[in-house]
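Presented below is the structure to which this report refers.
Note that these values count all heavy atoms, side chains included, but never hydrogens, waters or copies made by symmetry. A note on names: the letters A, B, ... follow the listed sequences, proteins ahead of strands, and every chain is numbered from 1.
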Amino acid sequence: MPDATRGFVRSIDNGILEKEIDLEAILINTYHLFLNPGMEIIKKAGGAHKFMNWSRPLLSDSGGYQIFSLIHKNSRLGKITEDEVIFKSPTDGTKHILTPEKAIQIQFDLGVDMMVCLDDPSPNDYPKEKIAQAVSRTIRWANRCKKEYEKQIKVRKISEKNRPLIFGVIQGGQYLDLRKHCTQELVKIGFDGYGFGARHIDSKGNFMEEVVRETASFIPKNALRFALGVGTPEDIVKCFSYGWDMFDCVIPTREGRHGRLFLRKEKNVIASEAKQSRNISTNSFANIQDDKSFYETININNGKYKDDFSRVDEHCDCVLCKNHTKAYLHHLFASKEMLGMRLSAIHNLKFYADLLGALRNSVN
RNA sequence: GGGUCCGUAGUGUAGCGGUUUAUCACGUCUCCCUGUCACGGAGAAGAUCGCCGGUUCGAAUCCGGUCGGACCCG
């Protein structure tokens with residue numbers, strides 16, 4: 001899922017997302033849509049699907065991550081208490097309050113197909129004691145979210161068949177025992193799916209392999225496993241091999257807009273990597289030695305592409321690669337033409353979508 | 001023919017009552033982005049200040065000449 005945080009995948013229209021990239025779902029953000037355009041407008045429009053004219057599945061993130069990272073960055077921007085999160089809008093400074101109950105209500109108003117509990121994603125480098133506090137708050141809030149969820153189902157008279165799915169988010173930083181405890185408590189409450197919360201990389205940017213792998217194993221087999229915010233292609237391959245099967249990330253679109261393109265090294269290399277990952281998931285995973293063996297990145301801003309008239313990606317048939325050269329894309333970026341960002345984001349999304357497709361095929 | 005102004009990195013400029021590794025912007029080059037306030041963030045290279053000479057401990061800065069450009073009056 002690309003992140004359509006504010007109700008749009010920046011610069012890309014639904015036609016491309018559905019027909020060219022064939023995305024299964026996209027992610028929107030409770031926090032951003034709540035602030036802008038505001039729930040009155042969304043409700044008037046008839047919900048997020050109608051407002052955006054997106055008919056495929058929509059998943060909304062609770063907004064916890066955004067608010068918490070805001071507050072962790074600058075404590076003057078908000079306050080976390082047992083009951084609620086108080087925060088100031090970064091754009092106009094107005095004060096807002098979000099509670100677990102309210103986060104769920106908003107997501108019902110958005111009319112999404114999948115929703116996420118409000119959680120407490122503390123930074124991974126916090127001391128264990130603080131992470132443990134975040135875990136217990138996450139559990140208590142998950143309880144309140146589930147109760148509110150059931151209440152809304154009743155009040156809105158939503159049938160079992162039509163109810164949105166709800167995800168709990170597992171916290172615990174780098175500590176396996178905390179992750180395990182958090183998962184067990186969330187499972188007791190009962191959710192359709194479970195998310196890997198906070199960040200899956202440590203403060204140095206290294207993939208937290210053991211925690212990500214083991215946490216997946218704590219989750220019941222029939223539940224969905226959502227690796228929030230993952231990640232680089234190699235992180236996704238790893239997570240997939242551990243059993244995580246849902247992903248969202250800003251990387252393909254944001255890096256695309258900033259001029260970084262993901263390129264296939266060989267035509268079928270993603271598929272072969274996927275096969276490798278399936279084997280890995282059954283026994284050992286030590287085989288992934290060269291993380292980036294199946295792709296490379298280029299920065300199209302680099303001067304060496306000024307007169308490079310080759311295809312951007314030899315093995316890709318997206319609108320960018322079918323129609324334009326590296327030199328032309330370089331020129332678009334040098335000219336600060338938004339078409340360059342748009343085409344690059346489309347290409348990267350296609351790369352990610354193909355990667356996920358190949359991973360899925362390898363298991364089916 | 002007479003007069004005025006101006007020549008500082010690729011471009012536009014600051015500094016011209018002599019205290020400095022010569023300023024800033026854009027451009028160029030490289031890196032970063034992981035539940036998106038993000039066409040965003042970080043960093044690097046690049047001018048011996050048109051040229052020649054003079055004054056001085058010391059000149060982009062003062063003086064003379066010279067070349068180039070702009071404008072004004074005949």
- request: Residues of residues 94-113 of chain A with any non-hydrogen atom less than 4.0 angstrom from an atom of RNA chain B: list those, numerically ordered, please.
  value: none
field: side chain to side chain contact (heavy atoms under 4.5 Å, CB included) involving Gln174(A) - partner list, sequence neighbours excluded
entry: Met208(A)
message: How many whole angstroms separate atom CG of Asp235(A) from atom P of rC33(B)?
response: 11 Å
field: Test: Lys238(A) and Glu209(A) ion pair at under 4.0 Å
entry: yes
- request: Between rU21(B) and rG65(B), how far apart are the P atoms? Round to whole Å, please.
  value: 32 Å
message: Within the 4.0 Å heavy-atom criterion, would you say Ala227(A) contacts the bases, only the backbone, or no part of the nucleic acid?
response: nothing
Watson-Crick or G-U wobble partner of rG58(B), both distances under 3.5 Å: none
message: How many whole angstroms separate atom CD1 of Ile236(A) from atom P of rG35(B)?
response: 11 Å
message: Return a single string for nucleotides 41-47 of chain B, one symbol per nucleotide in 5' to 3' order, where B is base contact, S is sugar-phosphate-only contact and - is none, cutoff 4.0 angstrom on heavy atoms.
response: -------
query: Which part of the nucleic acid, if any, lies within contact of Ser62(A), taking any heavy atom under 4.0 Å across all strands shown: a base, the sugar-phosphate backbone alone, or nothing?
result: base
Scan nucleotides 27-31 of chain B against the protein and return all N/O pairs shorter than 3.5 Å with their distances rounded to 0.1 Å.
from	atom 1	to	atom 2	distance (Å)
rG27(B)	OP1	Lys336(A)	NZ	2.9
rC29(B)	OP1	Lys306(A)	NZ	3.4
rU30(B)	OP1	Gly303(A)	N	3.3
rU30(B)	OP2	Asn302(A)	ND2	3.3
rU30(B)	OP2	Gly303(A)	N	3.0
rC31(B)	OP2	Asn302(A)	OD1	3.2
rC31(B)	OP2	Asn302(A)	ND2	3.0

- request: Please state the P separation for the pair rC63(B) and rG69(B) - nearest whole angstrom.
  value: 24 Å
- prompt: Given rG35(B), is OP1 or OP2 found less than 4.0 Å from the side-chain N or O atoms of Arg199(A)?
  reply: no
query: Does Arg257(A) offer a backbone N or O that forms a donor-acceptor pair with the side chain of Ser344(A) under 3.5 Å?
result: no
statement: By nearest-nucleotide position on RNA chain B, the 5'-leaning member of Pro2(A) and Met338(A) is Pro2(A)
query: How would you label the contact of Asp3(A) with the nucleic acid (heavy atoms, under 4.0 Å): base, sugar-phosphate, or nothing?
result: base
- request: Tell me the partner of rG68(B), counting only Watson-Crick (N1-N3 plus N6-O4 or O6-N4) or G-U wobble (N1-O2 and O6-N3) with both under 3.5 Å; none if nothing fits.
  value: rC6(B)
With sequence neighbours excluded, residues passing ring-ring contact (aromatic ring centres under 6.0 Å, His included) with Trp141(A): none
- request: May I ask you to say what Met341(A) touches in the nucleic acid, namely base, sugar-phosphate or nothing, with a heavy-atom cut-off under 4.0 Å?
  value: base
- prompt: Between rG18(B) and rG1(B), how far is it from one C1' atom to the other, in whole Å?
  reply: 38 Å
task: Pull out every residue in residues 166-176 of chain A that has a heavy atom closer than 4.0 Å to any atom of RNA chain B, ordered by number, or say none.
output: Val169(A), Gln171(A)
Residues 38-50 of chain A, side-chain donor-acceptor partners within the protein, below 3.5 Å, at least two apart:
from	atom 1	to	atom 2	distance (Å)
His49(A)	ND1	Gly111(A)	O	3.3
His49(A)	NE2	Arg56(A)	O	3.0
His49(A)	NE2	Asp113(A)	OD2	3.0

- prompt: For the pair made of NZ in Lys73(A) and C1' in rC37(B), what is the distance, rounded to whole Å?
  reply: 9 Å
field: Counter-base of rC24(B), judged by Watson-Crick or G-U geometry with both distances under 3.5 Å
entry: rG12(B)
message: I need the CG-C1' distance between Asn124(A) and rG35(B), as an integer number of Å.
response: 13 Å
- request: Report which part of the nucleic acid Ser89(A) touches: base, sugar-phosphate, or nothing (heavy-atom distance under 4.0 Å, all strands).
  value: nothing
task: Supply the members, apart from Met1(A), of the Ile/Leu/Val/Met/Phe/Trp/Tyr cluster built from side-chain contacts under 4.5 Å; use none for a lone residue.
output: Leu27(A), Leu59(A), Met114(A), Val116(A), Leu165(A), Phe167(A), Val169(A), Leu224(A), Phe226(A), Leu228(A), Met246(A)
field: rA42(B): pairing nucleotide in any strand, Watson-Crick or G-U under 3.5 angstrom
entry: rU30(B)
- prompt: Taking OP1 and OP2 of rG40(B), is either one under 4.0 Å from a side-chain nitrogen or oxygen of Arg257(A)?
  reply: no
message: Only pairs with both distances under 3.5 Å count, Watson-Crick or wobble alike; so what is the partner of rG1(B) in this structure?
response: rC73(B)
query: Does a sphere of radius 6.0 Å around CD in Glu24(A) hold more than 12 heavy atoms from other residues, nucleotides or ligands, not counting ones at 6.0 Å or beyond?
result: no
Listed once per pair and sorted, the salt bridge (charged side-chain N to carboxylate O under 4.0 Å, His left out) pairs that draw on residues 168-183 of chain A, sequence neighbours left out: Lys128(A)-Asp177(A)
message: Distance check, P atoms only: rU13(B) and rC29(B), in whole angstrom units.
response: 24 Å
message: Going by the rule side chain to side chain contact (heavy atoms under 4.5 Å, CB included), which residues pair with Lys73(A) if we only count those two or more places apart in sequence or in a different chain?
response: none
Lys88(A) atom NZ: more than 12 heavy-atom contacts under 6.0 Å: no
His200(A) NE2 to rU34(B) C1', straight-line distance once rounded to whole Å: 5 Å
task: Among Cys145(A), Cys117(A), Ser62(A), Pro164(A), find the one that has a side-chain contact (heavy atoms from CB on, under 4.5 Å) with Gln107(A).
output: Ser62(A)
query: Could you walk me through whether Asp120(A) and Ser122(A) pass the side-chain hydrogen bond (donor to acceptor under 3.5 Å, both in side chains) check?
result: CA-CA 6 Å; Asp120(A) 181 342; Ser122(A) 290; 3.2 Å; yes
field: C1' gap between rA47(B) and rA42(B), integer Å
entry: 25 Å
query: Using 4.0 Å as the upper bound for N to carboxylate O, is an ion pair formed by Glu101(A) and Arg144(A)?
result: yes
- request: Would you mind reading off the distance between Asn348(A) atom CG and rC33(B) atom P, rounded to a whole angstrom?
  value: 14 Å
- request: For nucleotides rU8(B) and rG3(B), find the distance between their P atoms and express it as a whole number of Å.
  value: 25 Å
- prompt: Using a cut-off of 4.0 Å on non-hydrogen atoms, how would the nucleic acid contact of Asn29(A) be classed: base, sugar-phosphate, or nothing?
  reply: sugar-phosphate
Gap in Å between the two P atoms, one belonging to rC62(B) and one to rC6(B), rounded: 10 Å
task: Not counting sequence neighbours, which residues clear side chain to side chain contact (heavy atoms under 4.5 Å, CB included) with Thr5(A)? List them please.
output: Asp3(A), Asn29(A), His32(A)
query: Is Arg342(A) paired with Asp13(A) through a side-chain N to carboxylate O contact shorter than 4.0 Å?
result: yes
rU23(B) to rG68(B) separation - C1' atoms, rounded to the nearest Å: 26 Å
task: Please identify each residue that fulfils salt bridge (charged side-chain N to carboxylate O under 4.0 Å, His left out) with Arg260(A), with sequence neighbours left out.
output: Glu255(A)
- request: Let me know the distance between OH of Tyr352(A) and P of rU34(B), rounded to the nearest Å.
  value: 11 Å
- prompt: In terms of side-chain geometry, is the basic nitrogen of Glu160(A) or Arg163(A) positioned less than 4.0 Å from the acidic oxygen of its partner?
  reply: yes
task: Whole angstrom is fine here: how far is it from CD1 in Ile71(A) over to P in rC37(B)?
output: 13 Å
